[in-house]
Amino acid sequence: QVQLIESGGGLVQAGGSLRLSCAASGRDFSMSALAWFRQTPGKEREFVAAISQIGGAGVYADSVKGRFTISRDIAKNTLYLQMNSLKFEDTAVYYCAARSGLVALTSTRGYAYWGQGTQVTVSS
């Protein structure tokens with residue numbers, strides 16, 4: 001059974017930092033692209049960042065570019081999102097996602113596996 005379990009969310013003041021983790025089990029995702037999405041009530045889930053199976057530089061939404069960094073530890077089958085200079089508008093439930101393909105996609109439709117989400121709340 002494939003599981004993606006996010007952790008690291010919480011309450012932080014604007015300007016602060018958080019590091020999200022996503023631990024994968026039940027399948028080897030070393031050859032898969034991984035991503036982070038986020039969602040607020042009443043809105044569609046939106047792309048945040050993604051990284052290919054090759055690793056290296058990630059792909060980012062314009063709204064987080066320069067503040068967030070996506071990375072992965074292939075040996076641990078774990079995905080990370082380092083979030084710095086957090087803003088009130090970053091408040092959302094953050095989801096990690098995985099796909100069987102190699103390319104880091106920005107659409108939710110490209111990802112077959114999803115975590116349950118972790119809440120990030122930024123106070124202004």
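Numbering starts at 1 and runs along the sequence shown. Note that the structure is a prediction, hence the values are computed from the model and not measured.
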Taking C-beta and beyond as the side chain, do [X] and [Y] meet within less than 4.5 Å on heavy atoms?
| X | Y | answer |
| --- | --- | --- |
| L4 | Y95 | no |
| L34 | Y111 | no |
| R38 | T91 | no |
| M83 | R67 | no |
| L86 | F68 | yes |

Query - Pairs where residues 7-26 contributes a residue and the test side chain to side chain donor-acceptor pair (under 3.5 Å) is met, not counting sequence neighbours - result: S17-N84
Report summary line: For R27, the salt bridge (Lys or Arg N to Asp or Glu O under 4.0 Å) test, sequence neighbours excluded, returns none
**Report entry** Partner set under ring pair (Phe, Tyr, Trp, His ring centres under 6.0 Å) for Y113, not counting sequence neighbours
**Finding:** F29
Query raised in the report: With sequence neighbours excluded, what pairs up with F47 under the ring pair (Phe, Tyr, Trp, His ring centres under 6.0 Å) test?
Result: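 F47 satisfies ring pair (Phe, Tyr, Trp, His ring centres under 6.0 Å) with F37 once adjacent residues are dropped.
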Working to the nearest 0.5 angstrom, can you tell me the gap between [X] [atom1] and [Y] [atom2]?
| X | Y | atom1 | atom2 | value |
| --- | --- | --- | --- | --- |
| E89 | S124 | CD | OG | 9.5 Å |
| L102 | S52 | CG | OG | 8.0 Å |
| I70 | L79 | CD1 | CG | 4.5 Å |

Any side-chain to backbone donor/acceptor pair from [X] onto [Y]? Under 3.5 Å, distance only.
| X | Y | result |
| --- | --- | --- |
| S32 | R99 | yes |
| R72 | A33 | no |
| E6 | Q116 | yes |
| W36 | Y80 | yes |

Query raised in the report: What heavy-atom pair brings V48 and Y94 nearest, and what distance separates the two atoms?
Result: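 Of all heavy-atom pairs spanning V48 and Y94, the closest is CG2-CE2, 4.3 Å.
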Query raised in the report: Looking only at heavy atoms, what is the nearest atom pair of S71 and I51, with distance?
Result: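 Heavy-atom minimum between the residues: CA-CD1, 4.1 Å.
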**Report entry** Atom NZ of K76 with >12 non-hydrogen neighbours under 6.0 angstrom
**Finding:** no
Query raised in the report: Is D90 paired with K87 through a side-chain N to carboxylate O contact shorter than 4.0 Å?
Result: no
**Report entry** Partner set under side-chain hydrogen bond (donor to acceptor under 3.5 Å, both in side chains) for Q3, not counting sequence neighbours
**Finding:**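 Q3 satisfies side-chain hydrogen bond (donor to acceptor under 3.5 Å, both in side chains) with no other residue.
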Query raised in the report: What about V59 and L81, same hydrophobic cluster or not, with Ile/Leu/Val/Met/Phe/Trp/Tyr joined at side-chain heavy-atom distances under 4.5 Å?
Result: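 As far as the 4.5 Å side-chain criterion goes, L81 and V59 are not connected within one cluster.
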Report task. Keeping to residues at least two apart or across chains, list the disulfide (SG to SG under 2.5 Å) pairs with something in residues 74-124. Result ->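 Disulfide (SG to SG under 2.5 Å) check on residues 74-124 returns C22-C96.
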